[in-house]
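Take a look at the structure set out below.
Bear in mind that the values here come from a model prediction, so they are computed numbers and not experimental data. Both ligands and their constituent atoms are indexed starting at 1 by order of listing.
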Amino acid sequence: MNLTETKAWSAVLADAESNRNFSLRAAFAADPDRARRMTIEAAGWTLDYSKNIVDAKTMADLRAVAEECGLKDKIEAMFSGEHINETEDRAVLHVALRDLSGGPITDKATGKDVLPEVREVLSRMEGFANKVRSGLWTGFSGKRIRNVVNIGIGGSDLGPCMATIALASFSQRDIRFAFVSNVDATHFAETVRDMDPEETLFIVASKTFTTLETMDNANTAREWVLKRYNGNGAAVAKHFVAVSTAADEVAKFGIDTANMFGFWNWVGGRYSLPSAIGLSLMIAIGPDRFREMLGGYEAMDAHFRSAPLAENLPVTMALLGIYYNNVLGAQSHAVLPYDQYLARFPAYLQQLDMESNGKSVDKKGRRVSWQTGPIVWGEPGTNGQHAFYQLLHQGTKLVPADFIGFLRSHNPIGSHHVHLMANFFAQTEALAFGKTADEVRAEGTPEALVAHKTFEGNRPTNTLVADELTPASFGALVALYEHKVFVQGALWDVFSFDQWGVQLGKVLAKKIIPELTDGRPLSHDSSTNALIERFRAANA
Ligand code: F6P
């Protein structure tokens, strides 16, 4: 059942109708307890959702929609290993990756408890990470590893890259961490420019080990290393390890499978950071911190699974997003971290959310008549303020936004953190309450400027706050968004764990590759033919 088929959905639509003139100013004035009532906590995070343009009845009706859609059962189906990724016939068990204490967790198709293998890989990763960190693992010529370069793309890049930046204050600083993803050779060339191959370890991260970008970059990296060793192939084993589900492909590439860290087809690429895909992160922050991160994930998982819907953080954020997306017509959702360490978090969420819920057919394959996943975007504060916040405050678009901040900074220098957080608090206040024309006039503003200086307010925001950015709070934050995406996909009745939409472009690119380099006749449309001809002429 999708959200529009529920009985409660008409109540949600009626709420929107009767709340057409909803005013956050009025709502806060009428209820001094609003902020307290609309604040929930879990796994070290506080969500204040009081600055959303909803009242208690709308929230209750949205929760009724979730109940009717069978959300609780769907959550249970995921946690208990059912094959909810039906189009790929797979279980969806990323929650098993951070189940440090419980179990067993059974993949329903195989009947096998997945936790023993999860723990075995985790402990192999720990052994390896410790060797690299301590200098026990050296390059082929015996030099200490000073650069760790992860080669991967999508879920095999965005997670570890984002997380290594996010947790940089916990990382071992005498090793440099870099991430090469783009098939554009510039990415590889500029990344390794100042690196010594003898001091460089490549982690080739690819679930399938067939991804064009990753294989190109891995092959180029191998040539770069072998050039230094005069073509001595024995060097590969000391400078390359693999993270993959495909042992045969790894062996074909020439990496010893003894240096391969596996994961499983029940881990979606965009959900794979807490698997072996996080190896670069583990080398950066060390096994203990990595386990703390898994603990943060696990705490949010437990909250999501057991908390009543009204107190459930991921569920609440998901329902608010649905209200804006499906009822009030918002097309996008902004994520605005007020912490430089989370600079890549919006990019990470783009894949998590848009690859999961950017679908236009329901689970039965019928074209949906309701909106599905929003466009997710954002930049760290306060940079965004000086770029696109004009539109947030005074534009014609409805852009619900998440503001994410920390009470304490890892870099408590001068007044920076006070200034940062003052902006953090000021922005949601300004967006919610605006500035009326009368208030503008009261400042003596000439009448011709009053309209320009007026802020209508009622721009909805969530505020998410934790004490400090730690591995645990970070893990809980990622899990929060994973589960938010899950809830939305469940109510939109789409398959959130496949990604067929990325295939067509990949297949066409494979067809075009030889066409760019030989003179074979072209059979595309006139636009594509002409563009290819132009490339051929420029490279003749
Ligand atoms: O972009 C499509 C995709 O399949 C993602 O889902 C995945 O994260 C990425 O490609 C990389 O795939 P792999 O890890 O198999 O190289």
Fill in the blank from the handout: Looking only at protein heavy atoms, what sits closest to atom 15 (O) of ligand 1 is T208 OG1, 2.6 Å

Problem - salt_bridge(D196, R228) N-O dist < 4.0 Å - result: yes

Handout entry: Modelled atom types, side-chain donor and acceptor of R270 and S356, under 3.5 Å
Key = yes

Fill in the blank from the handout: Exactly one of T211, I151, I277, I153 clears side-chain contact (heavy atoms from CB on, under 4.5 Å) with S206, and that residue is T211

Handout entry: Ion pair E515/R520, N-O distance below 4.0 Å
Key = no

Exercise for the section: Provide, to 0.1 Å, the distance between atom 9 (C) of ligand 1 and the closest protein heavy atom, together with that atom's residue and name. Expected result: I153 O, 3.6 Å

Problem - Greater than 12 external heavy atoms within 6.0 Å of K112's NZ - result: no

Problem - Contact partition for E213 relative to ligand 1, non-hydrogen atoms under 4.0 Å - result: neither

Handout entry: Protein contact to atom 8 (O) of ligand 1 [nearest heavy atom, distance to 0.1 Å]
Key = G155 N, 2.7 Å

Completion exercise
Any heavy atom of V502 under 4.0 Å from ligand 1? The part involved is side chain

Completion exercise
the protein heavy atom lying closest to atom 12 (O) of ligand 1 turns out to be T211 OG1, 3.6 Å

Problem - Salt bridge present between K227 and E198 (N-O < 4.0 angstrom) - result: no

Exercise for the section: Considering only non-hydrogen protein atoms, determine which one is nearest to atom 6 (O) of ligand 1 and report residue, atom name and distance to 0.1 Å. Expected result: E355 OE1, 2.8 Å

Exercise for the section: Give the residue and atom name of whichever protein heavy atom lies nearest to atom 4 (O) of ligand 1, and the separation in Å to one decimal. Expected result: K506 NZ, 3.7 Å

